[in-house]
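Below, all heavy atoms of this structure are taken into account, side chains as well, without hydrogens, waters or symmetry copies. Since this is a predicted model, take the numbers as computed values, not measurements. Residue numbers start from 1 in every chain, and the chains themselves are labelled A, B, ... in the order their sequence lines are given, proteins ahead of strands.
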Number of protein chains: 2
Amino acid sequence: MRDIARATGMLPGSIYYHFASKDALLVAVYAEGVQRIAGRVDRVVAAQTTPLKRLEAACVAHLEMLLADSDYAQVVVRVLPQDVPAASARLTALRDDYEARFRRLIAALGLPRARRRYARLTLLGALNAAQSWYRPGGDAPARIARGILACLREPLEAAKR
Amino acid sequence: MRDIARATGMLPGSIYYHFASKDALLVAVYAEGVQRIAGRVDRVVAAQTTPLKRLEAACVAHLEMLLADSDYAQVVVRVLPQDVPAASARLTALRDDYEARFRRLIAALGLPRARRRYARLTLLGALNAAQSWYRPGGDAPARIARGILACLREPLEAAKR
DNA sequence: CGTAATACCAAACAACCGTTTGTTTTTTGA
DNA sequence: TCAAAAAACAAACGGTTGTTTGGTATTACG
């Protein structure tokens, strides 16, 4: 709280005029982060027409936000609802609401029902994990997103070259 | 440190006879966790002969350790090297050493070079993410591991039912 | 203009944190 | 058996933490 106060040019106590507690501030930042990512994803998805193009656009936007807007994204990805018992329900709701976008995008692909859930969890898990191994020098976020999506599109055992 | 002392029946200061600092203790737990997971993975991999069976066995063992032996696994998965600057090199080395197993297992599949890296990162990212959404009621760890691996084996756009 | 809401300051509170120091108990081995 | 090494205790250290309280500028508005 003292670090945040210094960064905003306030004294620590002044924060409590705006937020009831540290946890409440955390939730506000989390919500803002989710909203920023969701906003961008929604925008780029709307610009595409085929189910696959829409999913790809979502993955690229998701990862670009995760790796660029890193302060908010760090909170959204690394803070798990169970880390903040006092707000876990609220955080879970925000996360579920966001991930529903990918549920719908994947459902549009026409996969068998049983595979949809794992496709979503695999995709989001792999994308989010990129935040921990990404280094600015290597592949650009958009390329990484497409690389991960390609792993789900082209079978592992095919195409021995 | 006080919680750990209580759990081990010691006073807080006594821990410092065994470990130089809190970070040193963290590294020791991390190393022990990696060793436990790696040991089990190595054992089950050795029992399989084909490249694909070996990779599948590794995924199942990895996830079973992650979801069952949850105290050590929690440390190994959630603590990132950059979280502990004083020990980040040591943690990175441990993690790289473990993940090299998957690098080799995937290389044995005969994928084109360019795809191997993303296949590994996608697979490990998706498996590790399961730790945050897994709930004891649902699919068993082994089934989840196979479900995730199936996402990389069967193309996304195929098999409309 | 003046008053009331808004925003922030100044200072402290109590609890908690990782760690150190000197001492005592327990275990080991010659 | 008895000295030495190992292990744990007892108590505190200085610093950090989230938060509260009462006062003070600043702004908005009837």
Side-chain angles (χ1 to χ4, degrees), chain A residues 1-37 39 66 69-98 131-132, chain B residues 1-37 39 69-96 98 131-132:
Chain A
M1 296 303 278
R2 282 168 173 86
D3 288 346
I4 292 170
R6 193 177 327 115
T8 53
M10 286 184 180
L11 293 185
S14 304
I15 296 177
Y16 289 82
Y17 176 80
H18 303 274
F19 300 95
S21 67
K22 184 185 172 182
D23 281 354
L25 170 54
L26 195 259
V27 170
V29 171
Y30 191 101
E32 171 71 20
V34 169
Q35 193 185 309
R36 290 188 183 200
I37 300 172
L66 234 62
D69 194 2
S70 64
D71 288 332
Y72 280 104
Q74 199 78 16
V75 172
V76 173
V77 173
R78 302 265 336 244
V79 175
L80 300 184
Q82 61 252 38
D83 294 335
V84 195
S88 77
R90 181 117 177 73
L91 298 186
T92 300
L94 287 165
R95 193 172 277 234
D96 288 352
D97 178 67
Y98 174 70
Q131 202 192 49
S132 72
Chain B
M1 296 304 278
R2 282 168 172 84
D3 289 347
I4 292 169
R6 193 178 326 114
T8 53
M10 285 184 181
L11 293 185
S14 304
I15 297 176
Y16 289 81
Y17 177 78
H18 302 275
F19 299 95
S21 68
K22 184 185 173 184
D23 281 354
L25 170 53
L26 196 260
V27 171
V29 171
Y30 192 101
E32 171 71 20
V34 169
Q35 193 184 311
R36 289 188 184 203
I37 300 172
D69 193 1
S70 62
D71 287 332
Y72 280 104
Q74 199 79 17
V75 172
V76 173
V77 174
R78 303 265 336 246
V79 175
L80 300 183
Q82 60 252 37
D83 294 334
V84 195
S88 77
R90 181 116 176 72
L91 297 186
T92 300
L94 286 166
R95 193 171 277 232
D96 288 351
Y98 174 70
Q131 202 191 50
S132 74

Checklist entry - Which heavy atom in A/Tyr72 sits nearest to a heavy atom in A/Val29, and how many Å separate them? => result CD2-O, 3.5 Å
Checklist entry - Where does the chain A footprint on DNA chain D start and end, counting 5' to 3' with a 4.0 Å heavy-atom cut-off? => result D/dT17 to D/dT20
Item to check | Span of DNA chain C, from the first to the last nucleotide whose atoms fall under 4.0 Å of chain B heavy atoms | outcome: C/dC17 to C/dT20
Next on the checklist: Go nucleotide by nucleotide along DNA chain C from the 5' end; which of B/Asp3 and B/Ala20 gets its closest nucleotide reached first?
Outcome noted: B/Asp3
Item to check | Residue pair A/Gln82 / A/Ser88: nearest heavy atoms and the distance that separates them | outcome: N-CB, 4.5 Å
Checklist entry - Between CZ of B/Arg6 and CG of B/Leu11, what distance do you get to the nearest 0.5 Å? => result 11.0 Å
Next on the checklist: Looking at every non-hydrogen atom in both residues, tell me the closest pair between B/Asp83 and B/Arg78 and how far apart they are.
Outcome noted: OD2-O, 3.8 Å
Next on the checklist: Rounded to the nearest 0.5 Å, what separates atom CD in A/Glu32 from atom CG in A/Asp71?
Outcome noted: 12.5 Å
Checklist entry - Could you give the distance from OG (A/Ser132) to CG (A/Leu66), rounded to the nearest 0.5 Å? => result 10.5 Å
Next on the checklist: Can you give me the closest heavy-atom contact between B/Leu26 and B/Val84, atom names plus distance?
Outcome noted: CD1-CG2, 3.8 Å
Next on the checklist: I need the minimum non-hydrogen distance between B/Val79 and B/Arg95, along with the two atoms involved.
Outcome noted: O-NH2, 3.0 Å
